[in-house]
Structure formats: structure tokens, C-alpha cells
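The structure appears right after this line, and notes come after that.
Being a predicted model, the structure only gives us computed values, none of them experimental. Index from 1, following the sequence.
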Amino acid sequence: MQRVNQTLRQLPVWVVYLLGALPAPWLFYQGLTGGLGVDPIEALEHRYGELALQLLIAVLAISPLRRFVGLNLLKFRRALGVLTFAYVSLHLLVWLVLDVQVPSQIWADIVKRPYITVGLAAYVLMIPLVVTSNNLSVRKLGPRWRNLQRLVFPAAILGGLHYVMLAKGFQVEPLIYLSLIIGLLLLRVPFPRLLTRLRRADSA
């Protein structure tokens with residue numbers, strides 16, 4: 001693992017940005033040329049959203065991987081977070097511009113369809129994260145920056161719920177995504193400390 005970490009330290013961050021961004025234009029091209037099936041708009045919207053969830057899961061996995069496996073990917077966490085927001089934005093833009101199209105229909109869909117409300121809530125929570133995803137914000141906010149970054153946890157849960165609610169009928173894939181998100185969040189809970197506090201509370 002030490003050799004792997006040494007290799008990763010030599011890998012430039014821009015490589016992650018480049019590789020992460022490549023699917024966006026390729027999927028759009030496939031949509032234009034009929035490569036996404038009979039309903040390219042819905043397929044493109046789905047693919048962008050799915051990529052966003054995959055990247056978000058990768059972000060959540062960084063700390064547990066470092067803690068339990070020793071794999072250090074902290075260097076790439078910001079890049080993965082920015083890419084996550086980019087794909088969520090593309091997912092939203094496809095819905096707004098290509099799917100709904102009529103501005104008056106947007107609010108009606110938000111009110112009528114709870115999964116859209118949940119998805120938008122997740123997106124709103126991610127905005128301050130990406131806005132402060134720079135060294136200047138880290139220096140200015142100090143300890144508050146870490147507290148702000150915890151917004152990724154409820155945003156991730158809402159994103160997973162959005163996918164489950166969006167699915168038509170019973171589908172395993174959205175449940176797998178939501179389970180991975182919840183599982184990665186549970187790995188962050190310091191259970192030994194929690195048990196100690198509960199014991200102290202019982203004995204008090």
C-alpha cells in the first residue's frame with residue numbers, strides 16, 4: 001500500500017479532472033447520434049445523474065479507505081467533489097433545458113413530484129461546498145470550513161433517496177447506491193466513543 005500511495009502522490013490532479021470530465025461530452029454526442037436509445041434525453045439525464053452518484057460515493061469512500069485500508073486518496077477529494085457537482089449540474093440542465101423546456105412547468109413539477117424536490121435539496125446543499133472548494137476559502141473560514149463540508153453527508157443521502165424515488169417500480173440498483181452511501185457514512189461513526197458515552201450516560 002505504501003508503494004501505491006507513493007505512485008498516487010506523483011499523479012497530477014489534472015489527470016483526475018480530465019478523466020472524470022471525458023464521459024460528459026461523449027454521452028452528449030451519443031445522445032445526438034442515437035447511441036442512447038429511443039429516448040436520448042431521459043437516458044442522458046439518467047447517465048449524468050448516475051455518474052454524479054458514483055463520484056459522490058467515491059468522495060465518501062476516501063476517508064474510510066484511508067482509515068481501514070491505508071489507501072491515501074485525499075489529494076483527489078476536491079477534484080472528485082467538483083466533478084460530482086458538475087455532473088449533478090448537467091443532470092439538472094438536461095432536465096430543465098431538454099426535458100421540461102417550459103419555464104412555467106418547472107415549478108409545477110417540483111411541487112407535484114417529491115423526488116424532484118429531494119434532488120433539488122441535495123443540489124442546493126452542494127452549492128456552498130463547491131463555492132468554498134478552494135484554498136482561499138479554507139484559509140478564511142478556518143475550522144468552520146470543515147463544519148461546512150459536512151453538508152456533503154445530508155446531500156449524499158438526499159441524492160440516494162432521489163434515485164430510489166425516481167425509479168419506476170422495484171429496482172435493485174438505486175437501493176444499492178443508497179445502501180453504499182449509508183454504509184460509508186456509518187463507517188465514519190466512532191462507535192467505540194459512542195459506546196463509551198452511552199455507558200457513562202447509563203451510569204450517571
Side-chain angles (χ1 to χ4, degrees), residues 1-2 4-28 44-45 47-97 116-163 177 180-190:
M1 191 56 66
Q2 186 176 358
V4 174
N5 288 333
Q6 289 175 350
T7 303
L8 289 172
R9 280 196 291 268
Q10 297 173 1
L11 183 67
V13 177
W14 64 263
V15 174
V16 176
Y17 279 109
L18 178 62
L19 294 176
L22 284 177
W26 171 245
L27 287 171
F28 191 77
L44 185 63
E45 187 178 335
R47 295 286 184 86
Y48 282 154
E50 196 172 58
L51 277 168
L53 274 178
Q54 291 168 358
L55 287 165
L56 184 54
I57 288 171
V59 172
L60 295 176
I62 288 176
S63 290
L65 283 173
R66 186 187 183 195
R67 179 182 175 188
F68 297 106
V69 183
L71 181 62
N72 191 350
L73 298 171
L74 289 175
K75 176 182 178 180
F76 309 109
R77 182 159 58 185
R78 180 182 298 178
L80 292 172
V82 172
L83 286 167
T84 299
F85 184 80
Y87 277 103
V88 175
S89 298
L90 288 172
H91 173 71
L92 180 61
L93 281 172
V94 170
W95 174 66
L96 289 174
V97 179
I116 296 179
T117 308
V118 171
L120 284 175
Y123 184 74
V124 170
L125 288 176
M126 293 181 69
I127 292 175
L129 297 178
V130 74
V131 169
T132 58
S133 184
N134 54 77
N135 293 332
L136 179 62
S137 296
V138 174
R139 289 195 300 269
K140 284 193 171 184
L141 292 173
R144 290 177 296 172
W145 184 83
R146 289 186 178 276
N147 294 330
L148 182 65
Q149 294 301 304
R150 293 192 179 113
L151 287 175
V152 71
F153 304 148
I157 293 174
L158 289 173
L161 282 174
H162 169 71
Y163 193 14
Y177 277 85
L180 283 172
I181 290 170
I182 294 174
L184 288 169
L185 292 179
L186 287 175
L187 286 176
R188 293 171 172 269
V189 178

Taking side chain to side chain contact (heavy atoms under 4.5 Å, CB included) as the definition, give me every residue that meets it alongside Q2, ordered by chain and number, with sequence neighbours left out.
Q6
When you measure from the side chain of H91 to the backbone of E45, do you find a donor-acceptor pair of N or O atoms at a distance under 3.5 Å?
yes
Show your working on side-chain contact (heavy atoms from CB on, under 4.5 Å) between L186 and I182 and close with a plain yes or no.
CA-CA 6 Å; L186 287 175; I182 294 174; 4.0 Å; yes
Taking every heavy atom of P128 against every heavy atom of L148, the minimum-distance pair comes out as O-CD2, 4.0 Å
Test side-chain contact (heavy atoms from CB on, under 4.5 Å) applied to L90 and L51, step by step
CA-CA 10 Å; L90 288 172; L51 277 168; over 6 Å; no
Using side-chain heavy atoms (C-beta onward) and a distance below 4.5 Å, is R47 in contact with P23?
no
Does M126 reach the side chain of T84, with side-chain heavy atoms less than 4.5 Å apart?
yes
Are any non-hydrogen side-chain atoms of W145 and K140 less than 4.5 angstrom apart?
no
Test log, rule side-chain contact (heavy atoms from CB on, under 4.5 Å), inputs L73 and L8
CA-CA 8 Å; L73 298 171; L8 289 172; 3.5 Å; yes
Side chains of R78 and N135 in contact at under 4.5 Å (non-hydrogen atoms)
yes
For R150 and N147, which I'm curious about, is there any donor-acceptor pair between the side chains at under 3.5 Å?
yes
Is a side-chain N or O of S137 found less than 3.5 angstrom from the main chain of S133, in a donor-acceptor match?
no
Within a strict 4.5 Å, meaning less than it, do heavy atoms of the I127 and F85 side chains meet?
yes
How about L92 and L120: do any of their side-chain heavy atoms sit closer than 4.5 Å?
yes
With L55 as partner, the option from V82, V88, L80 fulfilling side chain to side chain contact (heavy atoms under 4.5 Å, CB included) is L80
Any heavy-atom pair between the side chains of R66 and L74 that's under 4.5 Å?
yes
Pair Q54-Y177, side-chain donor/acceptor within less than 3.5 Å
yes
What residues form a side chain to side chain contact (heavy atoms under 4.5 Å, CB included) with L180, not counting sequence neighbours?
I57, I176
In Å and rounded to the nearest 0.5 Å, what is the CG to CZ distance from L184 to F153?
10.5 Å
So which heavy atom on T132 is nearest to which on Q149, and how close?
OG1-NE2, 3.4 Å
Start with the C-alpha distance between L93 and Y48, add both sets of side-chain angles, then the distance that settles side-chain contact (heavy atoms from CB on, under 4.5 Å), and finish with yes or no.
CA-CA 10 Å; L93 281 172; Y48 282 154; over 6 Å; no
Smallest heavy-atom separation, A156 atom then L60 atom, equals CB-CD1, 3.7 Å
Nearest heavy atoms of P64 and A61, plus distance in Å
CD-O, 3.3 Å
Main chain of L187, side chain of R67: is a donor-acceptor contact present, judged purely on distance under 3.5 Å?
yes
With sequence neighbours left out, the residues meeting side chain to side chain donor-acceptor pair (under 3.5 Å) with N5 are none
Shortest non-hydrogen contact from A122 toward G159:
CB-N, 3.9 Å
Please examine the side chains of F28 and V94, heavy atoms only from C-beta on, and report whether any two atoms are closer than 4.5 Å.
no
Does any N or O in the side chain of K75 come within less than 3.5 Å of the main-chain N or O of R9, such that one atom is a donor and the other an acceptor?
yes
Is there a donor-acceptor pair under 3.5 Å between the side chain of Y87 and the backbone N or O of G49?
no
Which atom pair, heavy atoms only, marks the closest approach of V13 to A79?
CG1-CB, 3.8 Å
